[in-house]
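Just below is one structure, and these are the notes that go with it.
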Amino acid sequence: MRIATYNVNGIGSRLPALLQWLDETQPDVVCLQELKALQEKFPEAAIKDAGYGAIWHGQKSWNGVAILARGQTPIETGRGLPGDPEDNQSRYIEAMVNGILIGGLYLPNGNPAPGPKFDYKLKWLERFILHAEKLIDSGAAAVLAGDYNIIPTEKDVYKPERWVDDALFRPEVRVAYQTLLNQGWCDALRSKHPDETIYTFWDYFRNAYGRDAGLRIDHLLISPSLTPALKAAEVDRAVRGREKPSDHAPVWIELNL
DNA sequence: ATGCCAGCTACAAGCTGA
């Protein structure tokens, strides 16, 4: 079973690239982020024609998350991260697919730091850590996949010294990520590539992709019961080098269930 | 230190992203 995450940076502009990638790689489950589209603007018919059922949570202009499943419709178990009824940003959606609980997330960027946006990111992380703990305690086979907007370690950024004050790399954020790992979650991509320089995002500026000036910020965390089943974890890096790409590349894992 | 690019909204230029 292949499970992928892909920050599309606008489903409206990225639909052709998404459909091409789906056709080529046929993942079983896909978490999408940054739809940047109203609920009614999601291209449900085109996704269905590609062979995928979908659930999604749209929002005008910003954010927006979806879960696709090949040959079936994901069984939704939640939308919106629990813990704050005032939070109306579309950043979390959850579903069951083939007995696996899939959480798709788009964590707040948090820049500039310090400031209200960084505070929101830290609050969101607190709620996410609580929810992740509940999932661990439930014993569910679970995958938390998405754009975490967290650079976990110095190995995950091309020039760490330039990012020390950035909201993606601040100590509070890295500590929060480590807290998730301490709960028992496994960073699938890093576990399969312990020493490799491996990125999932390259910004559009200064030929960042050509220079390989990237970040590793898109992650798939898998629950302890799934770690023995993890067969592969990779970045579809070439997708970032195509025409009209997202600034993120798709990331995926293969589970042998 | 700043803008560099790109998408969205709305139709100009501003906001946001990471």
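Predicted model, so just to flag it, every value in this text is computed and none were measured. Convention: sequence-line order gives letters A, B, ...; per-chain numbering from 1.
Listed pair A:Ser13 / B:dC8 meets the phosphate criterion, a side-chain N or O lying under 4.0 Å from OP1 or OP2. Neither OP1 nor OP2 of B:dA18 sits under 4.0 Å from any side-chain N or O of A:Asn111. Between A:Lys60 and B:dA10 there is a side-chain N or O to OP1 or OP2 distance below 4.0 Å. Listed pair A:Tyr158 / B:dA18 fails the phosphate criterion, with no side-chain N or O lying under 4.0 Å from OP1 or OP2. The side chain of A:Lys117 places an N or O atom within less than 4.0 Å of a non-bridging phosphate oxygen (OP1 or OP2) of B:dG17.
Ring-plane geometry between A:Phe128 and A:Tyr92 is classed as perpendicular, the angle between the planes exceeding 60 degrees on a 0 to 90 degree scale with a lower cut at 30.
Rounded to an integer number of Å, the gap from A:Trp163 CH2 to B:dG17 C1' is 11 Å. Per the geometry, NZ belonging to A:Lys36 stands 10 Å off P belonging to B:dT9, to the nearest Å. When rounded to the nearest whole Å, the span between CZ of A:Arg174 and C1' of B:dA18 equals 16 Å. Rounding to whole angstrom units, CG of residue A:Asp166 and P of B:dT16 are separated by 16 Å. Here B:dT2 presents its P atom at 15 Å from CZ of A:Arg162, a figure rounded to the nearest Å. Spacing between atom CH2 of A:Trp62 and atom C1' of B:dA10 amounts to 13 Å, rounded to whole angstrom units. The distance from atom CG of A:Asn9 to atom P of B:dT9 is 13 Å, rounded to the nearest whole Å. In this entry the distance linking CD of A:Gln59 with C1' of B:dG17 reads 14 Å, nearest Å.
The separation of B:dA6 from B:dA10, taken at their P atoms, amounts to 23 Å, rounded to a whole angstrom. The gap from the P atom of B:dG14 to that of B:dA18 amounts to 22 Å, rounded to the nearest Å. Spacing of C1' atoms, B:dA1 relative to B:dA13, comes out at 23 Å, to the nearest Å. Nucleotides B:dA12 and B:dT2 have their P atoms positioned 30 Å apart, rounded to a whole Å.
Here the straight-line distance linking atom CG of A:Asp28 with atom CH2 of A:Trp252 works out to 11.5 Å at 0.5 Å rounding.
Residue-level contact check: A:Asp203 touches neither bases nor backbone, having no heavy atom under 4.0 Å from any strand. Residue A:Asp147 is in sugar-phosphate contact alone, with no base atom involved, counting any heavy-atom pair closer than 4.0 Å across all strands shown.
Of the residues in residues 234-248 of chain A, those with a non-hydrogen atom less than 4.0 angstrom from any atom of DNA chain B are A:Lys244, A:His248. Less than 4.0 Å separates DNA chain B from at least one heavy atom of each of the following residues of residues 204-211 of chain A: A:Tyr204, A:Phe205, A:Arg206.
Between A:Asp187 and A:Lys192 there is no salt bridge, since no side-chain N of the basic residue sits under 4.0 Å from a carboxylate O of the acidic one. Under the 4.0 Å criterion applied to side-chain N and carboxylate O atoms, A:Arg2 and A:Glu254 are assigned as salt-bridge partners. At a threshold of 4.0 Å, the pair A:Lys123-A:Asp87 does not count as salt-bridged, since none of the basic side-chain nitrogens sits closer than that to a carboxylate oxygen. Note on A:Asp156 versus A:Arg190: salt bridge recorded, some NZ/NE/NH1/NH2 to OD/OE distance being below 4.0 Å. Salt bridge A:Glu172/A:Arg170: present, at least one basic N to carboxylate O contact under 4.0 Å.
With hydrogens and angles left out, the side chain of A:Asn109 and the base of B:dA18 share a donor-acceptor pair within 3.5 Å.
Closest approach to the A:Arg14 side chain among B:dA18, B:dA6, B:dT16 is made by B:dA6 (side chain taken as heavy atoms from C-beta onward). Here B:dA18 is the nucleotide among B:dG17, B:dG7, B:dA18 with the atom lying nearest to any side-chain atom of A:Asn7.
For A:Gly110 and A:Leu35, each mapped to the nucleotide of DNA chain B holding its nearest heavy atom, the one lying further toward the 5' end belongs to A:Leu35. With the nearest nucleotide of DNA chain B identified for both A:Leu107 and A:Ile11, A:Ile11 has the one nearer the 5' end.
Scanning all heavy atoms of the two residues, the minimum distance from A:Asp166 to A:Leu168 falls at OD1-N, 2.9 Å.
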| Derivation and outcome, ring pair (Phe, Tyr, Trp, His ring centres under 6.0 Å), residues A:Trp202 and A:Tyr209 | CA-CA 5 Å; A:Trp202 299 260; A:Tyr209 181 69; 5.1 Å; yes

| field | Intermediate values then yes/no, side chain to side chain donor-acceptor pair (under 3.5 Å), A:Gln72 and A:Asn98 | value | CA-CA 10 Å; A:Gln72 57 187 304; A:Asn98 295 345; 2.9 Å; yes

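Taking the side-chain contact (heavy atoms from CB on, under 4.5 Å) definition, one finds that A:Asp119 meets it with nothing, sequence neighbours left out.
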